[in-house]
S.K.: 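Following this message is one structure expressed as structure tokens.
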Amino acid sequence: MGVDLTDLVPEHETTLVDLNGKVIAIDAFNTLYQFLSIIRQMDGTPLVDDKGEVTSHLSGIIYRVTNLVEQGIKPVFVYDGKPPVLKAETIKARREVREAARQMYEAARAAGSAEAYKYAQASTSINAQIIKDSKELLGYMGMPFLIAPSEGEAQAAYMVQKGAADFVGSQDYDSLLFGAPRMVRNVTITGRRKIPRRGVYVDVKPQIVELKEVLETLEVTREQLIDMGILVGTDFNPGIYKVGPKTALKLVKKHPDMRAILDELGQDIENYQEIREFFLHPPTTDDYSIKWGRPEPEKIRHFLCDEHNFSPERVDKVIERLDRAVSETGKQKTLSAWF
DNA sequence: CATTTTGA
DNA sequence: TCAAAATGG
């Protein structure tokens with residue numbers, strides 16, 4: 001998906017408990033994508049209701065968000081708005097990759113192949129119905145959300161800059177390029193995650209990344225970090241062949257600007273100036289209000305059980321937890337109080 | 001993702 | 001009893 005700066009940025013492992021009272025501006029699309037990708041049957045089939053509508057993300061949201069609230073975390077979900085024109089090529093390329101994966105999935109599933117799951121994951125896509133349903137459920141749960149003018153990560157980064165949120169929550173590092181002072185990864189995925197090739201599991205813990213520390217450690221400016229991202233590849237350009245995070249770091253330190261880097265490589269990057277400008281000054285808005293509310297149990301129950309075939313027993317149990325968690329947090333006479 | 005069922 | 005596997009929708 002986004003910019004890959006793994007192994008280069010200093011991360012600090014934390015726990016959900018340590019994020020108590022913090023407001024996390026969560027990249028909604030990133031989260032939906034993860035739920036849709038992960039919550040599947042062994043043959044790759046996603047959870048669906050009797051109308052054939054995908055419900056994997058609804059399961060992910062109700063359980064995961066309840067978990068966060070139980071830890072005293074205050075999530076606000078930031079959805080992507082209108083995709084920038086710069087992203088058009090990437091969107092088209094991804095659609096083609098997904099379509100190819102979908103065909104491989106159909107074939108693998110028909111053949112009962114073990115490969116089906118991996119192709120199903122690669123064919124994960126988000127449609128209007130999925131977005132609509134996710135907002136409806138968040139609303140009934142009392143969780144605030146907003147739609148960014150453009151990229152969700154950019155708006156979330158802006159909200160942390162402004163102090164409206166403490167962290168951006170995402171798996172991607174893009175928000176750092178957008179100037180987010182702080183971000184936290186692995187907040188919507190936790191526990192044990194399987195390593196693809198081998199059958200082993202590793203613990204995934206939330207990780208805090210501080211922009212200031214990243215820049216100081218790498219001894220680069222934010223502009224140079226953006227150039228590194230562009231060299232490696234972003235949502236707006238494919239990146240240069242064989243240039244990973246380490247090579248990118250060397251290149252930005254060796255040369256005064258991107259022009260010199262590209263001259264050495266004998267390559268070019270389409271829309272370089274526009275992409276750099278987009279990361280430095282993305283469209284954002286102050287026109288939003290973040291307000292947490294009480295969950296509406298009967299609305300949640302009707303939406304999940306009556307409309308989407310969830311088990312009433314399971315739903316009642318999780319509603320009970322959510323309600324209790326919200327009441328508890330609301331009682332605290334601290335700055336982190338719920339309302 | 002989380003819960004429930006299983007089998008060593 | 002408890003980690004692994006299966007199910008959930």
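Order of the sequence lines sets the chain letters (A, B, ...), proteins ahead of strands, with each chain counted from 1. For clarity, every value in this text was computed on a predicted model and none was experimentally measured.
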S.K.: When the distance from CD of A/Q41 to P of B/dC1 is rounded to whole Å, what number comes out?
M.R.: 16 Å

S.K.: Just how far, in rounded Å, is P of B/dT3 from CD1 of A/I39?
M.R.: 12 Å

S.K.: Just by modelled atom types, is the A/D235 backbone N or O under 3.5 Å from a matching donor or acceptor in the A/T90 side chain?
M.R.: yes

S.K.: Looking only at side-chain N and O atoms, does A/S113 offer a donor or acceptor that is under 3.5 Å from a partner on A/Y119?
M.R.: no

S.K.: Can you tell whether the side chains of A/R276 and A/E223 come within less than 4.0 Å, N to carboxylate O?
M.R.: no

S.K.: Using heavy atoms and a sub-4.0 Å distance, could you list which residues of residues 306-323 of chain A are near DNA chain C? By number, please.
M.R.: A/H308, A/N309, A/F310, A/S311, A/R314

S.K.: Go through it in stages, so that I can follow the logic: the residues are A/F236 and A/F279, the test is ring-ring contact (aromatic ring centres under 6.0 Å, His included), and I'd like the CA-CA distance, side-chain angles, deciding distance and then a yes or no.
M.R.: CA-CA 10 Å; A/F236 317 109; A/F279 278 118; 5.5 Å; yes

S.K.: Whole angstroms only, please: what is the CG-P distance between A/L137 and C/dG9?
M.R.: 14 Å

S.K.: So, the side chain of A/R40 versus the backbone of A/L36: is there a donor-acceptor pair under 3.5 Å, distance only?
M.R.: yes

S.K.: Measure from CZ on A/F303 to P on C/dG9 and round the result to the nearest Å.
M.R.: 14 Å

S.K.: For the pair made of CD in A/Q71 and C1' in B/dC1, what is the distance, rounded to whole Å?
M.R.: 15 Å

S.K.: Using a strict heavy-atom distance below 4.0 Å, which residues from residues 49-62 of chain A are in contact with DNA chain C?
M.R.: A/T55, A/S59

S.K.: Classify the side-chain pair A/T188/A/Q34 by whether it contains a donor and acceptor separated by less than 3.5 Å.
M.R.: yes

S.K.: Does either side chain, that of A/H12 or that of A/Q207, offer a donor lying less than 3.5 Å from an acceptor on the other one?
M.R.: no

S.K.: Is a side-chain donor-acceptor pair under 3.5 Å present for A/T285 with A/D287?
M.R.: no

S.K.: Let me know the distance between CZ of A/F35 and P of C/dG9, rounded to the nearest Å.
M.R.: 16 Å

S.K.: If we ignore angles and hydrogens, is there a donor and acceptor under 3.5 Å between the side chains of A/D227 and A/Y272?
M.R.: yes

S.K.: Within this structure, what is the OH-to-C1' distance between A/Y33 and B/dC1, rounded to whole angstrom?
M.R.: 16 Å

S.K.: What is the separation between atom CD1 on A/I38 and atom C1' on B/dT3, rounded to the nearest whole Å?
M.R.: 16 Å

S.K.: Is A/N67 near enough to B/dC1 that one of its side-chain N or O atoms lies under 4.0 angstrom from OP1 or OP2?
M.R.: no

S.K.: Give the dot-bracket line for DNA chain B from 5' end to 3' end: parentheses for intra-strand Watson-Crick or G-U pairs under 3.5 Å, square brackets for crossings, | for inter-strand pairing, dots for unpaired.
M.R.: ||||||||

S.K.: Less than 4.5 Å apart, any side-chain heavy atom of A/D172 and any of A/E153?
M.R.: yes

S.K.: Give, for atom CG of A/L137 and atom NZ of A/K299, the distance between the pair rounded to the nearest 0.5 Å.
M.R.: 12.5 Å

S.K.: C/dG9, B/dA2, C/dA6: which one has an atom nearest the side-chain heavy atoms of A/M42?
M.R.: C/dA6

